[in-house]
Protein chains: 2
Amino acid sequence: MLTKKAKYGLQAILLLAKDYGKGPITIADLAQREGIPKKFLESILLALKNRNILYSLKGKGGGYVLARPPNEISMGEIVRHLDGPLAPVPCVSKTAYRRCEECEDERTCGIRLVMKRVRDSIADILDGTSLEDVLNMIDEARHEIQNRF
Amino acid sequence: MLTKKAKYGLQAILLLAKDYGKGPITIADLAQREGIPKKFLESILLALKNRNILYSLKGKGGGYVLARPPNEISMGEIVRHLDGPLAPVPCVSKTAYRRCEECEDERTCGIRLVMKRVRDSIADILDGTSLEDVLNMIDEARHEIQNRF
DNA sequence: ATATACTCTATATATTTAGTAGGCTATATA
DNA sequence: TATATAGCCTACTAAATATATAGAGTATAT
């Protein structure tokens with residue numbers, strides 16, 4: 001399950017992606033528009049900045065902007081940085097592998113064999129979907145709704 | 001991330017699947033063989049019994065058995081019952097749908113559009129993999145290791 | 001100078017996870 | 001029918017994680 005942290009982070013970053021190239025947006029503005037506690041969002045955006053997903057400008061007229069264009073930032077990178085590894089068990093994680101202590105032979109662990117498929121599938125989707133892709137998906141969904149009437 | 005609860009449950013249930021048809025296995029036996037705290041496993045197996053995944057026999061010679069043959073129990077059913085919905089956000093869950101309060105229009109929410117794909121993919125894998133399938137995967141993995149030498 | 005806006009450290013609260021303790025109930029079998 | 005076996009049920013607790021909040025500090029545009 002996505003935590004609020006990741007969800008808030010994604011909400012804010014999608015606003016930044018939508019207005020990419022139009023200058024910085026303040027934390028206060030993002031927080032208000034999405035109904036996110038300001039102080040909480042502050043710490044989330046800071047984390048994303050440290051990962052070089054966002055860039056910030058201080059002082060008047062300042063705020064946050066994407067550090068890279070929307071097609072160069074994937075959903076996977078964001079979720080991983082805010083919620084940790086995508087893998088359901090650490091022993092199938094590629095970015096944060098950790099052995100299960102008790103596991104006698106990892107290669108023949110049934111749970112691992114299944115969860116590896118799950119991890120690969122999640123990673124394929126999230127790493128294969130950029131912010132630009134998401135914006136396009138939203139547009140498509142909007143058009144579909146229009147065309148129904 | 002899978003909780004220990006789900007992991008322990010899966011470990012125990014895979015032992016039961018392997019010896020399906022050979023009579024009941026006690027909690028104490030399962031706990032010892034997998035290094036699981038006995039009392040914790042007790043509550044896990046009870047939950048699986050209430051879901052009609054396991055069946056139990058009391059008294060001497062008693063213990064737990066699968067309530068159905070291994071090909072009729074899916075990984076998805078087990079994980080859902082122990083850890084809750086597979087969906088990363090409640091608004092894309094089929095078994096436990098819940099609306100996001102703040103969300104203005106669910107149909108055009110970017111996070112939802114992406115997470116729906118993730119949910120469907122996880123559900124396809126876990127609901128499409130039975131305990132029998134897992135046992136077969138383990139066997140295949142064993143043979144692969146053999147054939148390397 | 002001054003207001004704006006991000007940065008950093010510390011703290012608080014709620015919820016979930018991961019257990020533990022102990023008595024109760026049903027059953028096989030001697 | 002006594003007894004040991006083995007699951008059932010209720011309650012409690014400790015630790016970790018999630019979800020924030022407070023307040024002082026720092027950089028910057030005007």
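Closest non-hydrogen pair, Asp127(B) versus Gly76(B), comes out as OD1-CA, 3.4 Å. In plain terms, the two heavy atoms of Met115(A) and Val89(A) that are nearest each other are CB-CG2, 3.7 Å. Scanning all heavy atoms of the two residues, the minimum distance from Asn52(B) to Ala67(B) falls at O-CB, 3.5 Å. Shown here for Ala17(B) and Leu66(B), the closest heavy-atom pair between the two residues is CA-CD1, 3.7 Å. Residues Ala87(B) and Val92(B) approach most closely at CB-CG2, 3.6 Å, considering heavy atoms. The shortest non-hydrogen separation linking Tyr64(A) to Leu16(A) is O-CD2, 3.3 Å.
Applying the side-chain contact (heavy atoms from CB on, under 4.5 Å) test to Val114(A) and every residue at least two apart in sequence or in another chain returns Met75(B), Leu126(B), Thr129(B), Val134(B), Met137(B). Residues forming a side-chain contact (heavy atoms from CB on, under 4.5 Å) with Val65(A) (at least two apart in sequence, or on another chain): Pro24(A), Tyr55(A).
Shown for residues 26-39 of chain B: residues whose heavy atoms fall under 4.0 angstrom of DNA chain C, namely Pro37(B), Lys39(B). Proximity of residues 1-24 of chain B to DNA chain C (heavy atom under 4.0 angstrom from any strand atom) is restricted to Thr3(B), Lys4(B), Lys5(B), Tyr8(B). Annotation: proximity of residues 80-94 of chain B to DNA chain D (heavy atom, distance under 4.0 Å) is found for no residue. Residues from residues 41-54 of chain B placing a heavy atom under 4.0 Å of any atom in DNA chain D, listed by number, are Glu42(B), Leu46(B), Lys49(B).
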What pairs of donor and acceptor atoms, side-chain ones from residues 37-50 of chain B against any protein atom, are under 3.5 angstrom apart with sequence neighbours left out?
| residue | atom | partner | partner atom | Å |
| --- | --- | --- | --- | --- |
| Ser43(B) | OG | Phe40(B) | O | 2.8 |
| Lys49(B) | NZ | Ser56(B) | OG | 2.9 |
| Asn50(B) | ND2 | Leu46(B) | O | 3.4 |

Between the protein and nucleotides 14-17 of chain D, which nitrogen or oxygen pairs come in under 3.5 angstrom?
none

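Place Gly59(B) and Lys58(A) on DNA chain D by their nearest nucleotides, and Gly59(B) ends up nearer the 5' end.
If you measure from atom NZ of Lys60(B) to atom P of dT5(D), you get 7 Å, rounded to the nearest angstrom. The nearest whole Å value for the distance from the CZ atom in Phe40(B) to the C1' atom in dC8(D) is 17 Å.
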Quiz prompt | Audit row: Glu144(A), Arg107(B), salt bridge (Lys or Arg N to Asp or Glu O under 4.0 Å) steps and yes/no | solution = CA-CA 10 Å; Glu144(A) 277 225 1; Arg107(B) 299 168 302 173; over 6 Å; no
Quiz prompt | Check against salt bridge (Lys or Arg N to Asp or Glu O under 4.0 Å), Asp105(B) and Arg142(A) | solution = CA-CA 10 Å; Asp105(B) 187 353; Arg142(A) 286 225 177 84; over 6 Å; no
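To the nearest 0.5 Å, atom SG of residue Cys109(A) and atom CD of residue Glu102(A) are 9.0 Å apart. Atoms CG and OG1, from Leu82(B) and Thr3(B) in turn, are 7.0 Å apart once rounded to the nearest 0.5 Å. We find the CD1-CG distance between Ile73(B) and Leu131(B) to be 5.0 Å, quoted to the nearest 0.5 Å.
Listed by first and then second residue, the ring-ring contact (aromatic ring centres under 6.0 Å, His included) pairs involving residues 77-133 of chain B amount to none (not counting sequence neighbours). Residue pairs meeting the side-chain hydrogen bond (donor to acceptor under 3.5 Å, both in side chains) criterion with at least one member in residues 12-26 of chain A, sequence neighbours excluded, do not occur. Among pairs with a residue in residues 108-117 of chain A, those fulfilling side-chain hydrogen bond (donor to acceptor under 3.5 Å, both in side chains) read Lys116(A)-Asp120(A), at least two apart in sequence or across chains.
Pairing for dA30(C) goes to dT1(D), judged as Watson-Crick or G-U wobble with the two contacts each under 3.5 Å.
First and last contacting nucleotides of DNA chain C toward chain A (any atom under 4.0 angstrom from a heavy atom, 5' to 3' order): dT4(C) to dC8(C).
Annotation: Glu106(B), atom CD; neighbour count of heavy atoms from other residues, nucleotides and ligands within 6.0 Å is above 12.
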